[in-house]
Each structure stands twice: as structure tokens, then as C-alpha cells.
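A, B, ... follow the sequence lines: proteins, then strands. Residue 1 opens every chain. Quantities reported herein were computed from a predicted structural model and do not represent experimental measurements.
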2 protein chains.
Amino acid sequence: MDTVTVLKAIADETRLRILALLYTAGDLCACEIEAVLRLTQSNASRHLSRLRAAGLLSDDRRGHWVHFQIAPTAFGRYPFVASAIDAARRDLPLVSADLDRLERYRSSAYTCETIREWASA
Amino acid sequence: MDTVTVLKAIADETRLRILALLYTAGDLCACEIEAVLRLTQSNASRHLSRLRAAGLLSDDRRGHWVHFQIAPTAFGRYPFVASAIDAARRDLPLVSADLDRLERYRSSAYTCETIREWASA
DNA sequence: CAATTATATGATTACATGAGCATATACTCA
DNA sequence: TGAGTATATGCTCATGTAATCATATAATTG
């Protein structure tokens, strides 16, 4: 992927939030990302596949669930992505709120399979 | 300027070319940028003002000519910009061609005031 | 002041993008 | 195999963006 394409992929608030979330969380399934960031299902899915198409995310299906993580090659190939995530963590207010919700979710007893109840609570 | 706005400002091939050019050249007037990158006058002007609005360029009018450079604060505030310029220099073919033309212009006797003749040659 | 040249901007057109809704597909389990 | 759930995708609408042409503004020089 060329530099411009990758830059366009990360030049979006929602996609930066996804990257910042995965940067902290390491690995999450689509429904967890959707719930923590409070996105609609189709919206989350579209942004995830755009990031994957740009080579920034890798995915891994486990039964119903598709788990995403930042592609192992992403930072090596596109160093500015790491740097942009860093900036987003510092100055995007939504990112802080997202990471708080991640923390709350993780310290609860909810999982992938019960996350819909968590989200509506 | 927030991270997303700055990322959108650099997520464009023409604007990356301008940044890469100024990164090497240091300081150029609008008509030089226009000629080296082979852009139309209005197109160059619009991209330049978008980069300036994002805080990435500073300008300095000297008589007829407005000189642009990368804003001294740009890399400190937005480290990913330096990193993206670096990537663009490595893999955007147009950037290499631009830098070649810069070199040819600089080693010629043409200046700001005669650049139109240079451009049409 | 008038003519000239550099730069900026309004108006338009073509195209890309993001969101939402509805629906399709992929997978599991009874 | 059929029901149910997770994810993907077609369609549409509203908005944003980049390019071009024409014109305006700013500065210099005669």
C-alpha cells in the first residue's frame, strides 16, 4: 500500500479510535470494538475492513467471531502510523473515553458472548 | 489543530509532494512550487493554503512573492508529519521527479522572476 | 495612476466518503 | 437441517474534496 492510501486510511476519527483501542487492547473481536466505541454494527465493520485493506489490521476468525489486531508488519512498514496513534491517544478526547470503557469492560465478567447486555447497560 | 485535521491535510498526494519539496528545498515561493511540481496556479495556491491552515506551513511575503516553508513548530507538534514525509520520499515516484526538477532549476540561472520561461522550456 | 505580475478566491463540476437501513453470508449448535 | 448470532455488503443520502476557469486582490514599476 502506498503512503497516500495508508494516510487516507488513518485520517479519520473513527479509524484512529479503532487503532488506538487495538494498540492498547492487543486483540479484540468486532463486536467488542463495536460495543466499546459505541458504533453501529455496519459502521464498525466498514471501518475495520478499510483498515484491513490498507494493511493496518490483520484478522482471524474464531467461530462466529472475527478477531482483529494491528498487523504485525504495520508499524515497520508505516512508521508514521505508530506516531499518529500516539498523537491520537494524547489529544483525541474520544480515545480516552474509549479506553475507560475498555477498562470497565475488561474488569467486568462480560465476554464476547454477553457483550450485548453489557453494551445496553 | 487536532490530529485528524492534520492527517487529512497530509493525506493527499499533491500536498505530500509540496511538503517533501519544501523539506528538501527549505524555502520556496509559490511560483517556484507551482513550476517545479507542474501545478496550475490556483491549484497550487489552494493546497498551500490548506497546509498553512493546518499549521504545517508558514509563509512570508516579500514583495510580489510569498515564500513558504515548513512551519518551525510542525515536526515538534506533529511528529507523524516528519515520518510521513520520509515515507513519501521513499515511495512516491512523483516526489523523486519533483526533486530532480528542483535540482535542475537550482543549478540553472533562472530565479523566481524568470521561472515562467524555465517552466515552459 | 495605469499596467503588469503574483497570489488568492468564488463558482462550478465530478467524484469520493461516511453514515444508516436493510439484507446477505458465515458459522454454531440444537 | 433449521434457528440464531456475528459479520459483511448493497443501496441511498448527505457531505466533503479536488480540479478548473474566471475573476479579484495585492504589490511593483513606469
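Here D:dA26 is the nucleotide among D:dC11, D:dT7, D:dA26 with the atom lying nearest to any side-chain atom of B:Arg61. Among the nucleotides D:dA18, D:dT7, D:dT9, the one closest to any side-chain atom of A:Ala30 is D:dT7. Comparing D:dA18, D:dA6, D:dA8 by their nearest atom to the side chain of A:Val66 picks out D:dA8.
Under the 4.5 Å side-chain contact rule for hydrophobic residues, B:Leu51 and B:Trp65 do not share a cluster. Under a hydrophobic clustering in which Ile, Leu, Val, Met, Phe, Trp and Tyr are joined whenever their side-chain heavy atoms come within less than 4.5 Å, directly or via other members, A:Met1 and B:Val95 fall into the same cluster.
In this structure, CG of A:Asp59 is placed 11 Å from P of D:dT7, rounded to the nearest angstrom. Protein atom CD of B:Gln41 is 12 Å distant from nucleotide atom P of D:dT20, rounded to whole Å. Here D:dT17 presents its P atom at 13 Å from CG of B:Leu51, a figure rounded to the nearest Å. One can place NE2 of A:His67 at 8 Å from P of D:dT7, the figure rounded to the nearest angstrom. Rounded to whole Å, atom C1' of D:dT29 lies 12 Å from atom CD of B:Glu113. Here D:dG10 presents its P atom at 8 Å from CZ of A:Arg46, a figure rounded to the nearest Å. Rounded to whole Å, the distance from CZ on B:Arg62 to P on D:dT28 is 13 Å. Atom-to-atom, CG of A:Asn43 to C1' of D:dT9 comes out at 13 Å; the value is rounded to the nearest Å.
Of the residues B:Asp60, B:Asp27, B:Asp59, the one that meets the side chain to side chain donor-acceptor pair (under 3.5 Å) test with B:His67 is B:Asp27. Each of B:Tyr105, B:Trp118, B:Tyr110 was evaluated against B:Glu32; a single residue qualifies, B:Tyr105, per the side chain to side chain donor-acceptor pair (under 3.5 Å) test.
Between B:Asp98 and B:Arg17 the shortest heavy-atom distance is OD2-NE, 2.7 Å. Shown here for B:Arg101 and B:Val36, the closest heavy-atom pair between the two residues is NE-O, 2.7 Å. The two residues A:Val6 and A:Ala54 make their nearest non-hydrogen contact at CG2-O, 4.0 Å. Nearest approach of B:Ala20 to B:Leu99, heavy atoms of both residues: O-CD2, 4.2 Å.
Axis angle between the ends of the helix from C:dC1-D:dG30 to C:dA30-D:dT1, five pairs each and rounded to 10 degrees, works out to 20°.
Each of A:His47 and B:Ser45 lies near DNA chain C, and the nucleotide nearest B:Ser45 is the one positioned closer to the 5' end. For the pair A:Arg116 and B:Ser42, nearest-nucleotide mapping onto DNA chain D gives the more 5' position to A:Arg116. When the nearest nucleotides of DNA chain D are assigned to B:Ala11 and A:Ser49 by heavy-atom distance, the more 5′-ward of the two goes with A:Ser49. With DNA chain C read from its 5' end, the first of the two nearest nucleotides for A:His64 and A:Asp12 is the one closest to A:Asp12.
A donor and an acceptor atom, one from each side chain of A:Asp86 and A:Ser83, are nowhere located under 3.5 Å apart.
B:Leu48 has its side chain out of reach of B:Val66: every pair of non-hydrogen atoms, C-beta onward, lies at least 4.5 Å apart. Between B:Ile10 and B:Phe80, some side-chain heavy-atom pair lies under the 4.5 Å cut-off.
For residues 32-40 of chain A, proximity to DNA chain C is found at A:Thr40, defined as any non-hydrogen atom under 4.0 angstrom from a strand atom.
With rounding to the nearest 0.5 angstrom, the CD1 atom of B:Ile85 is 12.0 Å from the CZ atom of B:Arg90.
Nucleotides of DNA chain C that come within less than 4.0 Å of any heavy atom of chain A span, from the 5' end to the 3' end, C:dT17 to C:dT28.
The side chain of B:Arg15 places an N or O atom within less than 4.0 Å of a non-bridging phosphate oxygen (OP1 or OP2) of D:dA18.
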